[in-house]
Amino acid sequence: MTAENPTAPLLEARALSFLRQDEPVFAPLDFQLRAGELALVEGDNGSGKTTLLRMLAGLLHVGEGELRWRGEPLQRDCCAGEILFLGHQLGLKADLSPRENLHIAAGLHGGRDGAGVSAVLADIGLRGYEDEPVRRLSAGQKKRAALARLLLLPATLWLLDEPYANLDRVGIALVNGLLESHTDAGGAAMVTSHGAVSFHGGEPRRIRMHE
Amino acid sequence: MTAENPTAPLLEARALSFLRQDEPVFAPLDFQLRAGELALVEGDNGSGKTTLLRMLAGLLHVGEGELRWRGEPLQRDCCAGEILFLGHQLGLKADLSPRENLHIAAGLHGGRDGAGVSAVLADIGLRGYEDEPVRRLSAGQKKRAALARLLLLPATLWLLDEPYANLDRVGIALVNGLLESHTDAGGAAMVTSHGAVSFHGGEPRRIRMHE
Amino acid sequence: MSRASLSTACAAMLRRDLTLAWRRRGDIAMPVLYALIVTMLFPFALGPEDTLLQRIAGGVVLVTVLLAMLLALDAMFSSDIEDGSLEQLVVAPQPLALMLGMKILAHWLTTALPLIVIAPLMAAMLHLPGAVIPVLLLALLLATPLLSLLGAVLVALTAGTRRSGMLLALMLLPLCVPAVIFAAGAVAAAQEGLPWLAPITWLAAALVLAVVLAPLACSAALRIALDA
Amino acid sequence: MSRASLSTACAAMLRRDLTLAWRRRGDIAMPVLYALIVTMLFPFALGPEDTLLQRIAGGVVLVTVLLAMLLALDAMFSSDIEDGSLEQLVVAPQPLALMLGMKILAHWLTTALPLIVIAPLMAAMLHLPGAVIPVLLLALLLATPLLSLLGAVLVALTAGTRRSGMLLALMLLPLCVPAVIFAAGAVAAAQEGLPWLAPITWLAAALVLAVVLAPLACSAALRIALDA
Amino acid sequence: MSMLQSVLAANGDVAGFFRMGGYAAYVWPAYAVFFVVLIVDTVAPRLRRRRVLRELSARLARQQARQDRTGGNSIPSPPSP
Amino acid sequence: MANWIPLWLHKLGSPPTFYRFAGALQPWATALALVLGAIALYGGLLLAPADYQQGDAYRIIFIHVPSAEMSMFIYAMMGVAAFIALVWRIKLAEVVAMESAPIGAAFTFITLVTGSLWGKPMWGTWWTWDARLTSELVLLFLYLGVIGLYHAFEDRRQGARAAAFLAIIGIINVPIVHFSVNWWNTLHQGSTINMFGRSKISWDMLWPLLTMMLATKFYYAASLFRRVRTDLLALEGGKDWVRRIAEEEAGR
Ligand code: HEM
Ligand SMILES: Nc1ncnc2c1ncn2[C@@H]1O[C@H](COP(=O)(O)OP(=O)(O)OP(=O)(O)O)[C@@H](O)[C@H]1O
Ligand SMILES: Nc1ncnc2c1ncn2[C@@H]1O[C@H](COP(=O)(O)OP(=O)(O)OP(=O)(O)O)[C@@H](O)[C@H]1O
Ligand SMILES: [Mg+2]
Ligand SMILES: [Mg+2]
């Protein structure tokens, strides 16, 4: 992780908005995210949380305003390998097993030091389901298989869209634990969620989407 | 709602289990559900909640044990039109609007007296999105469009698989309100959920899935 | 509370599938375009010799139309399975066979009918004599619904599996062959000025049987295929 | 933390798509079976006359193989878009064009190669003279990757739209025709004992150009298609 | 004259039997296919039976091992990456 | 009324019972098949005279016709078992239907190959698209479809039910194969053997043919028993009776 500009925040949005058919989807947003911070994106259904996260991930282009990554305007290659995105669609191939899916992800992103696929799968609570095709997993098990990427892949900024949905209580605690150790290690995360989620470490920064 | 046997419970399971490859997915279950009751199906990810609900809906055939509907063995036609099922997959056509999707549902199931499609959509919080193709809705809006069926269609037993997932707080309160008025009107419901969901009216009956 | 009447339900099903097809009218046009491309490529591939083209015209049009239908068959239930609509249909308090019959009808209307409409054009592109075209159309009008109905049963059977494509083709082949033989037989007979009623009658008889039995078989097959 | 090297990433992509194809090997076999069915139906539809069959054999095999590939083209990215894998690929820190090149290669290996392998069988079923078969194979070896590459660009362009089918067919047609003309020209020339090198050279030149440019165009098209 | 008579005749025309009146190239492959296919059909289930039994005893051994080990299902603790 | 059918089926249909029953009969069936087959081959290849028209090529008849007959007979058996499996959900019937398919496919394949080996010298071609040949090919595709569908499902019993359904639909093809020579005039031979009237072929040729037909029936029984026993072991892996067998065989 080479920071070009150590004082600048990791991610900074200035009057950011996204346009669909020339209409902004949400009111202009201003926020900063520093290393070690966790931001909770809040808003009602349809307020634009998913849209915001997809824009940060580089899937949608910035409509108006500005987005800066370590002080530089955000471009595709300047943050390559530093951002991990998990959307409503999990990005798992249903015909492959969790193990195979993770191997592909590691092939594309490179692996974290010392994180083996089997160990990660065991940690995420899929022991015994490593070699079952994903399509045969229950909804929560699929979600866990997708979340295992967080443990396996190296990244500075996590963009998680409703990571708690479909998880049981153990799973929710697990995600909270992951987020805590990620921010402790100097990473940052943006999370959208509706449920009554209690974080262990202090109060997260909140970004409210206004309609 | 013609009850053949007024003293019998609406739904009764005796040593019920489902077999995959000749192995039971969950330990034999015994439970009863009477009119006006709400049952919460609890269990960890992969414990078989979805499987149970699909079996009750008649999509999977009973493996071992017995399932009785108003005292009679459950068969396809004896409960026709009395059961409403909402699974992980919402059963909405992405190219049709919520209004069109609901019109089809009403065509298949018949409509509740006095429930108009527009009114139902407004009640569920989709005012303004009635004629947008479902594929352009956000995750929570899609869920709401599927839940609108509960208001529109006549049914005695609701089988809801994680109805709260993806909903915001208003949406969760809305589902709780729906469940309350349904049980008050003599209906019954089985709901699976992980989140910290607080029901208004009293403590629901709980069905625990053991692994 | 009002139970939905049978006719309302049928109308709702039919309207739904037709609306969906209209929303994705590009996809309906696909088999049509496919058929047109094939007929356009043939003169390129074989050289534009009138007598040769004329000789093979009837057969090529028949094969092309049936293959174009096969293409669309695979998708008959797949989107409904993916988004859970089929579950909702199975759970609905209506006779499943009838509802599936409506789906098959909609499928035929949206894939086969456009093909039949352009069949004369295709025949003309290959210089088929004008007098044979009515027989060709009659053969297509009987063979295509037959294929839709039988195909629906097989598609339903493979609905629960992962390897549907090949299986479907494997199982459909035995059904295609007789239909092609009879239809091509009628067209060839007409082209040579011989009586062509016998093969047409066979097709018609098979169609009547299929109309009655296929929806029932289809619903039974679907219930089996979804049960896992 | 270790950045993934380019070759690891390429290998992972290729392995992934080949594994997936193997898991659904029924679907790979689909174009093959389709092609076999077509070649089997032709004798039925046209009557089993050796000279006629022989006359049209080369053209039929070419058209059939290319059409069978068209069938599979549509699905090149669709499942990846549905389950969100394509998003993950776009977000991954690897050159997208190269990754898509791997996907196209895998697609060609799983759809075109089996077709080329059975092409001699199809040719034999239609009684094509054995001496022509090498030329047919050469033409196919050049024409099929060309189609895969150009098709991929068009599929990527239509990925975001709903009416993909028709658009795809419409845009591919002008690309198919020259390929078929050159390939069929070579085969016809060989069948008549004339020199067949010129059309083959044209195909090869087009292929080289496509290998370089198509992946880049494909990645640009996909980024546009996903951005909504 | 039957084939046996010619085989047993004074000159002992055994080669004639294998020549099959000039149709050897058709008759013998036919019989070969018949026997090969049926032998494969006979052997395949025997091999499969052996495999099934081997897998079964492995499964039984695993179950035994699991029963011997004490303990139920432990809840996975949040990892510390 | 016909209550005894399911009752009787359930009794013999209990997997351990059938496993023992099939185990006892299977060696006898194998032995009979071998002995009868050897006699038929002796009669057909050595005793029977050459045909006045076809020469010695006709000797393919002794495998072609029995195989052709078995290809249809086995399909019929599979259809019956499939029907029972679907109506009464009896596991044994599912297994019998599914394990008949590969045997039937084998015989169909033999019929096709021997037929074309016979056709080359007689008709001058390996293959024509005539009604009987085509319908026999369709039969092979049906068998392959049944086998493929069975294995395409992850749950074996669900696969068996789906494939049984396909088998029942496909049964219309069997009469088509049989009567195709009467319904359409074709290249293929009409009926030569007439069970009740005078057959058109001489006794010297007929008796080996009939013996071989009987031998293939016994072969079918033996093969089916072997396959069903294996399949039952695989399907009932969790049950006690299978565990006991597994332990016994492992001990040996
Ligand atoms: C690939 C080529 C062939 C196929 C697929 C085929 C198929 C069949 C079938 C399915 C039957 C059984 C019919 C029944 O029992 O109803 C049969 C019977 C027979 N086949 Fe063939 N056959 C072929 C070629 C030939 C040839 C070349 C000959 C002789 C020239 C031949 C002679 C016979 C005879 C004599 C019978 C017995 C007919 C009867 O008694 O009904 N077959 N064949
Ligand atoms: N593909 C699309 N095309 C057009 N409009 C869209 C599309 N996706 C979402 N929208 C609209 O954009 C708005 C924001 O959607 P978004 O998915 O970002 O909401 P969200 O905050 O994630 O909601 P949820 O909590 O329900 O997931 C919604 O009003 C939705 O209808
Ligand atoms: N189609 C399938 N084929 C095979 N096994 C399956 C299939 N669907 C689910 N399973 C397995 O059956 C078990 C129960 O799954 P089910 O979906 O009922 O769980 P669940 O309680 O709904 O879990 P969740 O809370 O994650 O939704 C799981 O172990 C799962 O892996
Ligand atoms: Mg969202
Ligand atoms: Mg579930």
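Order of the sequence lines fixes the chain letters, A, B, ..., with proteins taken first and strands second; residue numbering starts at 1 for each chain. Only a predicted model underlies this, so the values are computations on that prediction, with no experimental measurement involved.
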Segment of F/Asp231 engaging chain E (4.5 angstrom heavy-atom cut-off):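 Backbone plus side chain of F/Asp231, per the 4.5 Å heavy-atom cut-off to chain E.
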Side chain, backbone, both or neither of F/Tyr58 within contact of chain E (heavy atoms, under 4.5 Å): neither
Centroid-centroid distance, E/Tyr31 to E/Phe34, less than 6.0 Å: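 For E/Tyr31 and E/Phe34, the ring centres are not under 6.0 Å apart.
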Ring centers of F/Phe107, F/Tyr220 separated by less than 6.0 Å: no
Heavy-atom closest contact (F/Ala105 atom, F/Leu140 atom, distance):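 Result for this residue pair: O-CD1, 3.8 Å.
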Top contributor to chain E contacts, counting heavy-atom pairs under 4.5 Å, from F/Ala222, F/Ala234, F/Pro121: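 Of the candidates given, the most pairs with chain E belong to F/Pro121.
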For chain E, the option from F/Ile245, F/Leu233, F/Val113 that forms the most heavy-atom pairs under 4.5 Å: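 Among F/Ile245, F/Leu233, F/Val113, the one with the most close pairs to chain E is F/Leu233.
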Which portion of E/Val27 sits near chain F, non-hydrogen atoms under 4.5 angstrom: both
Proximal component of E/Arg46, with respect to chain F [non-hydrogen, under 4.5 Å]: side chain
Over-ring placement of F/Lys120 relative to E/Tyr26, 6.0 Å and 45° cut-offs: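 No, F/Lys120 does not sit over the ring of E/Tyr26.
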Residue selection (most heavy-atom pairs with chain F, distance under 4.5 Å) from E/Leu53, E/Thr42, E/Val52: E/Thr42
Top contributor to chain F interface from E/Val33, E/Leu38, E/Val36, E/Val40 [non-hydrogen pairs under 4.5 Å]: E/Leu38
Charged N-O contact under 4.0 Å between F/Arg226 and F/Glu99: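 A salt bridge is absent here (no side-chain N lies under 4.0 Å from a carboxylate O).
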Option among F/Ile61, F/Val65, F/Ile63 that satisfies the side chain to side chain contact (heavy atoms under 4.5 Å, CB included) test with F/Met212: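 Filter result, single survivor: F/Ile63.
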